[in-house]
Amino acid sequence: MIKLIKEAFSGKPQDLTSGSIRRAVILLAIPMVLEMLWESLFAVVDVFFVAQIGVNAVATVGLTETVITLVYSISIGLSMAATAMVARRIGEKNPEAAAKVAGQALVLGVFVSVVLGALGFWYAADILRLMGGSEELIEEGVGYTQIIFATNVVIMLLFLLNAIFRGAGDAWLAMASLMIANILNIILDPLLIFGIGPFPELGVKGAAVATSIGRGCGVLFQLIILFRGIGLVKVGIRHLAIDLGIIKRMVNISIGGISQWLIGSASWIFMMRIVAIFGEAVVAGYTISIRVIIFTILPAWGVSNAAATLVGQNLGAQKPERAEKSVWVTAFYNVVFLAFVGVGLFLFAPIIIGFFTDETEVIHAAVTSLRIFSLGYLFFAYGMVISAAFNGAGDTRTPTMINFICFWLLEIPLAYLLAVNMGWGPSGVYWSVAISQGVLAILAIYLFRKGKWKHTTV
């Protein structure tokens, strides 16, 4: 195992279309899990330091992050297309075509992020007001929201470039870029929030500045790696010349991916809006619990990303049965991981939340949320791996349909019914999430077994 771990970080090109499937899964999953652990640290570190400011500061971060997930949705949608197309070209043993795809992804990502950044910056106060924030909260937190939107290009590129690395099988590069970004964020957060030493005291805005600087340095590292060709994909200036054919294919795949995540993100906006009915202390507790959940779920997404890469490369190598078997092996590892995590969260929720706040009402809301969510972790495990497999094949429409059914037709109405009409309060929102994830996993497994994804062209 030690030898395998060293190999996972060696940077040596790996043929993922032959040999042991378990070995291929582990080679990809180890750096991908660590990549997602680093990504999840952004959420936990920010909310830890911001919680020292007050309830309004935490609520500001929660409301902003709920809306900024729309940016994440577009970033991830484009990333799905990049991963699927790069993986397919690498599986076909065509690195030049993979580099062309990477170049077009960069051009498209920058254009989209500039448009989103301008809109979010100018309408930051209206966004917080629409989400139910009080005028006091808006006055205190609008700067945070403006900075996050204005610098969303680093969010976009961090997702997109790591998707390119993952599609090529260079998972260790994606992990390294997030490690750099997070170390800087951890160092800068307290310095800029509290004004330690020569640094200005920026309050909640300091968290936004620290995060943006950290992500920006991570992106710089990615670009140096990509253009120098240290990994399997080397991008040159010629690959940035607009190729409408590739962009069109990328957009077609991305539409499904973007829609998929917009559906999920928009559902979280509605869920946050329902939670806001019960007061800002509940919003703060919900925000803290979600950050903890993200911290535990994102490593599982790392395992799922391994399935996406293996599916894409094996379909490119004309090995659909190997692609399918890779998914079931990956799902097994994910179930084992999240089972342990779910039990730990349920048992130690009060201790975990106690690290973030000592407000009694906030703790109660966060612990309740965390325990109910943890009951659905086994369903999370299967649902995320199967969805990633569809996306890795370039079939982004199937998980989009599943998300629409489970989130819009089931989760949102059920949350309002349980929380408001039936008087369950915030717990009704939390139960609706756990139930909808169970239905999602069942639907995903059923459609995956039908096998239509094996014939997707990218």
Side-chain angles (χ1 to χ4, degrees), residues 37 40-69 128 131-134 136-141 143-145 148 182 185-196 201-211 268 271-298 341-342 344-374 419 425-430 433:
L37 275 172
S40 63
L41 272 178
F42 274 115
V44 175
V45 169
D46 282 354
V47 82
F48 174 80
F49 288 114
V50 168
Q52 315 309 312
I53 301 174
V55 172
N56 271 358
V58 177
T60 297
V61 173
L63 296 177
T64 301
E65 287 296 307
T66 301
V67 178
I68 204 69
T69 50
L128 291 175
M131 290 301 299
S134 65
E136 180 185 357
L137 180 148
I138 293 170
E139 182 179 354
E140 181 180 337
Y144 174 91
T145 307
I148 290 294
N182 266 284
N185 184 54
I186 292 170
I187 294 171
L188 291 174
D189 249 347
L191 297 178
L192 292 172
I193 291 173
F194 306 116
I196 297 174
E201 183 179 352
L202 300 178
V204 68
K205 288 191 294 185
V209 174
T211 298
W268 281 107
M271 302 297 271
M272 179 64 85
R273 192 65 184 87
I274 296 172
V275 168
I277 294 173
F278 303 99
E280 289 177 351
V282 176
V283 171
Y286 180 68
T287 298
I288 292 172
S289 70
I290 290 298
R291 293 304 181 95
V292 173
I293 289 165
I294 290 172
F295 182 76
T296 58
I297 285 289
L298 279 180
V341 172
L345 289 180
F346 189 88
L347 293 177
F348 302 109
I351 297 174
I352 294 170
I353 299 303
F355 282 112
F356 295 91
T357 181
D358 57 4
E359 296 278 346
T360 303
E361 192 175 353
V362 175
I363 291 174
H364 175 73
V367 168
T368 303
S369 171
L370 204 56
R371 282 180 164 166
I372 293 174
F373 282 155
S374 68
S427 293
V429 177
Y430 314 148
V433 174

Practice item. Nearest 0.5 Å please: distance from the CG atom of Asn185 over to the CZ atom of Phe49. Key: 9.0 Å
Revision key, fill the gap. Note: Ala419 and Phe278 closest approach over all heavy atoms is O-CZ, 3.8 Å
Check your understanding: Considering all heavy atoms of both residues, which atom of Thr287 and which atom of Met272 are nearest to each other, and what is their separation?
Key -> OG1-CE, 3.9 Å
Exercise for review: Work out which heavy atom in Ile193 is nearest to a heavy atom in Ala207; give both atom names and the distance.
Suggested key: CG1-N, 3.6 Å
Side-chain donor-acceptor pairs of residues 346-368 under 3.5 Å, sequence neighbours excluded:
residue: Thr357; atom: OG1; partner: Glu359; partner atom: N; Å: 3.1
residue: Thr368; atom: OG1; partner: His364; partner atom: O; Å: 2.8

Exercise for review: Could you list the residues that satisfy side-chain hydrogen bond (donor to acceptor under 3.5 Å, both in side chains) with Ser369, not counting sequence neighbours?
Suggested key: Ser289
Exercise for review: Measure the CG-CG distance between Leu202 and Asp189 for me, rounded to the nearest 0.5 Å.
Suggested key: 11.0 Å
Revision key, fill the gap. To the nearest 0.5 Å, atom OG1 of Thr211 lies from atom CG of Asn182 at 9.0 Å
Review point. Hey, are the side chains of Lys205 and Leu192 touching, using non-hydrogen atoms and a 4.5 Å cut-off?
Key: no
Practice item. Take the angle between the ring planes of Phe373 and Tyr430 and call it parallel below 30°, perpendicular above 60°, tilted in between. Key: perpendicular
